[in-house]
Visitor: 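I have a structure here, written as structure tokens, and I will follow up with some questions on it.
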Amino acid sequence: MSEPGLGVPEPLATVAEIRESVASGRRSPSEVVEKTFERARNVRAGGDGLNAFLWSDLRAAQDEAAALGRRVGSGDVGALAGVPLAIKDNIATLGSPTTCGSRILGDYHSPFEATAVRRLRAAGAIIIAKTNLDEFAMGSSTEFSAFGRTKHPLDPALVPGGSSGGSAAAVAAGITPAALGSETGGSVRQPAAFCGVVGVKPTYGRVSRFGLIAFASSLDQIGVFGATVSDAATVLHAIAGHDPNDSTSADLIVPEYGEAAASLEGVVIGRPAEYFPDQLDPHITAHCDRAFDHFRSLGAQIRDVSLPSTALAIPAYYIVAPAEASSNLARFDGVRYGMRVTDHGLRGMYEATRSKGFGPEVTRRILLGTYVLSAGYYDAYYAKAMAARAAIARDFANVFASGVNALFTPTTPTTAFAAGSKSDPYEMYLSDIFTVTANLAGIPSLSLPIGRVRGLPVGGQLLAPHFGEHGMFAIARALETSLGVEAHR
Amino acid sequence: MTISLEEVRHIAALARLGISDERARDLAVELSSILDHMQVLTRLETSPDDGDSQQERGMLLRRDTGPPIPLDRTVASIAPELRDGFFLVPRLATHEDSEPAP
């Protein structure tokens, strides 16, 4: 039997190409669905291969496609008409399970649907799969899924990154042109970098979190994977905007994300020294330097800048996020929904349900969060972490106020690593070292492919001011166009 | 920073997690190691205002309200045990910390 994902052909089509072919009547939504499932079979997306999908149902997708065909026939052609998409399995959907990659929600079917998914369906998208993830989105490799790890599409011995590894693998393997993931500390950008696709973390508040199962509410945000910057931008535009069901969603107009900037004349791109430490893999540094050369050739000015609080980011993140997780995950107690394990009395039921329902990383983070919030340690850890978070946000605000339009850095300190190679939890946490700052500060960020090292993709990261997605996409498209095929070499 | 076995058992009880003695010993080592890396934060000077600025972090102050959420399925279809609209749980009297009922 061949290895999953290896030797697969190029992706079928972009979001825009699929939408145009359906809108013009050259292809029916049903034909798109057939092709998508054929592709998924060919690359072995299921449990016997990549293990990217936790749920996928051809008949359900065909029913959606048939209904969409009638809509298109009556002239209702949305921005994503006929586009097949995959959804991370911590985002609530109707008609399919929502497991969060956890035994405790192994058989859970949400009674409501996430706003982001409702908006995708309204725009004509067809949901073809729920994708694998680290349990409750806690992890950087998708090895902590209760349903087995997802494999990297280029090499099954490697991880695809995480926690949205299933969505990244689905796009990288060319099954869907885009997919939804979620970000708390880099869970879209890091797997996007590892798999060689585009990953976008929007500004906190740009996309409704209604229906996204909470991990750390002040950091969580639904994000988007795309085979190209345009694919990701089109899908983000469809899901962005205010939602009365999420009072943290911003009541701001969502601009059209437009075309690539033909020139970056007048644009200032910052190069933060803290993201280019001496010990960074020189091959990754070289790819970033090449990207800076492209920016210069497009007319941009490159400015060396400093974000001095960056060293505090991982410690601050791994206090704030577990603290919020320990509170959010208290709701999984076997009383109202999800798994219940009976034992001696009420406390016995709580403890048996939670100890059997949660895996090792979730247990570790709940305990860490409980510890740092407990009496005697709150000021020593949580209060300090919140101060560090404010300092990190100030660093970004100061740099952007000085006239820098966006920052460019590596997305990750390494390329995709081998499954099972990071047994020390903190070593795994360091995989997020360049991504957590955007979540702590609430700013938008994007990773796009900028080259390869030993055949494995390298991601370059753009960071922009709050609600600056429009400018971020314009710069990303300009770089993507300028790099061309070099982005995958 | 060292977390003792007793502290692990204490926070596990607070978090309502049942943990074996062997796992608790491992967790004491793992959590101590993770917290060692957090010590860099203890050197951070803080003032009473630090960390309170929602606006500075780019987040919105908001009211925790919203419209009712229409459900596609009934609560009974997802609850482990429900009777007459109430969630059923084991008797509180069997709680290990509870006094026996008179």
Visitor: Say you draw a straight line from CG of L35(B) to OH of Y426(A); how long is it, rounded to the nearest 0.5 Å?
Guide: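 Rounded to the nearest 0.5 Å, the CG-OH separation comes to 10.5 Å.
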Visitor: For L17(B), run the side chain to side chain contact (heavy atoms under 4.5 Å, CB included) check against I366(A), V362(A), T353(A) and tell me which one passes.
Guide: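 Option passing the side chain to side chain contact (heavy atoms under 4.5 Å, CB included) with L17(B): I366(A).
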Visitor: Just how far is it from atom OH of Y377(A) to atom CD of E7(B), taken to the nearest 0.5 Å?
Guide: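 Between Y377(A) OH and E7(B) CD, I get 4.0 Å after rounding to 0.5 Å.
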Visitor: Could you state the interatomic distance from CZ (R43(B)) to CG (L312(A)), rounded to the nearest 0.5 Å?
Guide: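 Going from the CZ atom of R43(B) to the CG atom of L312(A) covers 9.0 Å.
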Visitor: Identify which part of F396(A) has an atom lying under 4.5 Å from any heavy atom of chain B, answering side chain, backbone, both or neither.
Guide: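 No part of it gets close to chain B.
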Visitor: Do any N or O atoms from the side chain of R73(B) and from the backbone of H109(A) form a donor-acceptor pair under 3.5 angstrom?
Guide: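 It does hold such a pair.
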Visitor: How close do G18(B) and S355(A) get, heavy atom to heavy atom, and via which atoms?
Guide: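 Between these two residues, the closest heavy atoms are O-CB, 2.9 Å.
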Visitor: Counting only non-hydrogen atoms closer than 4.5 Å, does S309(A) touch chain B with its backbone (N, CA, C, O), its side chain (CB onward), both, or neither?
Guide: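 Neither the backbone nor the side chain of S309(A) comes within 4.5 Å of chain B.
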Visitor: Rounded to the nearest 0.5 Å, how far apart are CG of L27(B) and OG1 of T363(A)?
Guide: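 Separation between the atoms: 7.5 Å.
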Visitor: To the nearest 0.5 Å, what is the distance between CG on L82(B) and CZ on R336(A)?
Guide: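 One finds 12.5 Å between CG of L82(B) and CZ of R336(A).
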Visitor: Do you know which of V8(B), V89(B), I11(B) has the most heavy-atom pairs with chain A at a distance under 4.5 angstrom?
Guide: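 It is I11(B).
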Visitor: Using 0.5 Å steps for rounding, measure from the OH atom of Y371(A) to the NE2 atom of H10(B).
Guide: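 Those atoms lie 10.5 Å apart.
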Visitor: If every non-hydrogen atom of A388(A) is compared with every non-hydrogen atom of L41(B), which pair is closest and at what distance?
Guide: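 Reported closest heavy-atom pair: CB-CD2, 3.8 Å.
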Visitor: What part of P360(A) is in contact with chain B, defined as an atom under 4.5 angstrom from a non-hydrogen atom: side chain, backbone, both or neither?
Guide: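 For P360(A), the contact with chain B is made by backbone and side chain together.
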Visitor: Would you say the side chain of I34(B) lies within less than 4.5 Å of the side chain of Y429(A), judging by non-hydrogen atoms?
Guide: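 The answer is yes; the side chains approach within 4.5 Å.
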Visitor: Indicate yes or no: at least one non-hydrogen side-chain atom of V335(A) is less than 4.5 angstrom from one of P80(B).
Guide: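 Side-chain contact under 4.5 Å: no.
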Visitor: Give, as side chain, backbone, both or neither, the part of I69(B) having an atom under 4.5 angstrom from any heavy atom of chain A.
Guide: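 Side chain only.
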Visitor: Tell me, for P425(A) versus chain B, whether the close heavy atoms (under 4.5 Å) come from the side chain, the backbone, both or neither.
Guide: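 For P425(A), side-chain heavy atoms alone lie under 4.5 Å from chain B.
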Visitor: Which residue out of L31(B), L14(B), D72(B), D36(B) racks up the most heavy-atom pairs below 4.5 Å with chain A?
Guide: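 Looking at each of L31(B), L14(B), D72(B), D36(B) in turn, D72(B) comes out on top.
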Visitor: Using a 4.5 Å cut-off on heavy atoms from C-beta on, say whether the side chain of I314(A) contacts that of H37(B).
Guide: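 They are not in contact (no side-chain heavy atoms under 4.5 Å apart), so the answer is no.
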Visitor: Can you say whether L88(B) sits under 4.5 Å from chain A via the side chain, the backbone, both, or neither, judging by heavy atoms?
Guide: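 Contact with chain A is through the backbone of L88(B) alone.
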Visitor: Using a cut-off of under 4.5 Å on heavy-atom pairs, state which of P70(B), A12(B), P67(B), A15(B) scores highest against chain A.
Guide: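 Maximum pair count with chain A is reached by P67(B).
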Visitor: Measuring heavy-atom distances to chain B, does L94(A) have an atom under 4.5 Å in its side chain, in its backbone, in both, or in neither?
Guide: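 For L94(A), side-chain heavy atoms alone lie under 4.5 Å from chain B.
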Visitor: Do you know which of Y381(A), Y108(A), F210(A), F112(A) has the most heavy-atom pairs with chain B at a distance under 4.5 angstrom?
Guide: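 Result: the option with the highest number of such pairs is Y381(A).
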Visitor: Contact part of A385(A) toward chain B, heavy-atom cut-off under 4.5 Å: side chain, backbone, both or neither?
Guide: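 Both parts, backbone and side chain.
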